[in-house]
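First the structure, in the form of structure tokens, and then the observations on it.
All values below come from the heavy atoms of this structure, side chains included, with hydrogens, waters and symmetry mates left out. The chains referred to below are lettered A, B, ... by the order of the sequence lines, with proteins before strands, and numbering in each begins at 1.
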Number of protein chains: 2
Amino acid sequence: MYSIGDLSRRTGVKIPTIRYYEQMGLIEAPERSEGNQRRYEKRELERLAFIRHARDLGLSIEAIRDLLALSEHPERPCGEADRIATEHLAAVREKIARLRKLEVELERIVACHGDHTIGDCYVIRALADHSMCESEH
Amino acid sequence: MYSIGDLSRRTGVKIPTIRYYEQMGLIEAPERSEGNQRRYEKRELERLAFIRHARDLGLSIEAIRDLLALSEHPERPCGEADRIATEHLAAVREKIARLRKLEVELERIVACHGDHTIGDCYVIRALADHSMCESEH
DNA sequence: CCTCATATCTATAGTCGCTGGAGTGTTTAG
DNA sequence: CTAAACACTCCAGCGACTATAGATATGAGG
């Protein structure tokens, strides 16, 4: 039997976040002590660790809800789980690509080394004039 | 004289977003028509284009507010503008690094090709068991 | 001038994924 | 038995919008 604080320490998920996950239906409402405090079993610890891990990997609450639902039917085919993960991977790759473009633009902009005045600052001018950029974004 | 719709079309910033920027103090409250509709000058069009560009580059409203304030004092040194852009570049690089790690993990996880059942699906098992990961995240 | 479609107005609430605080009650170690 | 630590509920706030409802304004065609 774990208190919510135990669960929090063991998974690294903050207490209000655990309560939030319960509200969002990611974990079931656990049993309560006589004084109305939450008491968890090992099962819930594992479930929360799964959620934590998936969140760390950037999966949305929605996607995690689906994966958790799937994991309760071990006999079904896993195409759906694969699809969720694959889609997420694609999203991550897209984000990386976008950020790389930003990185290039920012590198160019930052080439002004702060050794003159705002009036001829490349940072300000580059932001004001999109046509100074190399790629569209 | 541009209406809010004109401004929106010319900058690609949605109408509610323009009003939001006004509320947030990024653009001044413009003159109004007799019927209380916003009427903008070219100055505001340029300012909004600046904001749009900076947002596209991922700068926060806060950072943009600072840059706009700086751009109104062309005689001052531009070290501060440079600092804002440089810090942002560092943040972008960090995000890229984090996402790359996720990419690697997700690639490993997705190696399960959906041709079996949830019970032995690598996606689900990998999420449940953090120790299967190569790097911490 | 009148009508009508389109545009705009304000105010408010919702999005996501938490996070924090206030004010109260419970558990546990000494 | 007391005090510290912990947990409870409810509600508000973050950032950067986005959406909705219901009212009013504008501009072009007849």
Upstream residue (5' side of DNA chain D) when B:Glu62 and B:Ser33 are each assigned their closest nucleotide |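 So the residue in question is B:Glu62.
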
Would you say C:dC16 has OP1 or OP2 under 4.0 Å from some side-chain N or O of A:Ser60?
-> no

With respect to the phosphate group of D:dC17, does any side-chain polar atom (N or O) of B:Tyr21 fall under 4.0 Å of OP1 or OP2?
->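 Looking at the OP1 and OP2 atoms of D:dC17, one of them is under 4.0 Å from a side-chain N or O of B:Tyr21.
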
Closest to side chain of [X], choosing from [options]:
X: B:Thr17; options: C:dT19, D:dC17, D:dT9; value: D:dC17
X: B:Ile61; options: D:dC8, D:dC17, C:dG20; value: D:dC17
X: B:Arg38; options: D:dT26, C:dT10, C:dC18; value: C:dT10
X: A:Pro16; options: C:dC9, C:dT19, D:dT26; value: C:dT19
X: B:Ile4; options: C:dC9, C:dT26, D:dA25; value: C:dC9

So, B:His88 side chain and A:Leu106 main chain: donor-acceptor pair closer than 3.5 Å or not?
->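 Answer holds: no.
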
For B:Arg52 and B:Gly12, indicate whether the former's side chain and the latter's backbone hold a donor-acceptor pair under 3.5 Å.
-> yes

Would you kindly compare B:Arg9 and B:Gln23 by the position of their nearest DNA chain C nucleotide and give the one closer to the 5′ end?
->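 Between the two, 5'-proximity favours B:Arg9.
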
Taking for each residue the nucleotide of DNA chain C bearing the nearest heavy atom, is the 5' side occupied by B:Gly35 or by A:Leu59?
-> B:Gly35

[X] [atom1] to [N] [atom2]: how many Å, rounded?
X: A:Lys14; N: D:dC8; atom1: NZ; atom2: C1'; result: 19 Å
X: A:Arg32; N: D:dC6; atom1: CZ; atom2: C1'; result: 14 Å
X: B:Gln37; N: D:dG27; atom1: CD; atom2: P; result: 8 Å
X: A:Asn36; N: D:dC10; atom1: CG; atom2: C1'; result: 14 Å
X: B:Arg39; N: D:dT26; atom1: CZ; atom2: P; result: 7 Å
X: A:Ile15; N: D:dA7; atom1: CD1; atom2: P; result: 5 Å
X: B:Ile18; N: C:dT10; atom1: CD1; atom2: P; result: 13 Å
X: A:Met24; N: C:dG14; atom1: CE; atom2: P; result: 13 Å

Looking only at heavy atoms, which two atoms of B:Leu99 and A:Val92 are closest? And how far apart?
->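 Looking at all heavy atoms of both residues, the shortest contact is O-CG1, 3.7 Å.
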
Residue from A:Glu72, A:Glu41, A:Glu28 passing salt bridge (charged side-chain N to carboxylate O under 4.0 Å, His left out) with A:Arg47 |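 Going through the options one by one, the only one that passes is A:Glu72.
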
Quick one: do A:Arg100 and A:Glu103 make a salt bridge, cutoff under 4.0 Å?
-> no

Across the strands shown, which category fits A:Arg55 at heavy-atom distances under 4.0 angstrom: base, sugar-phosphate, nothing?
-> sugar-phosphate

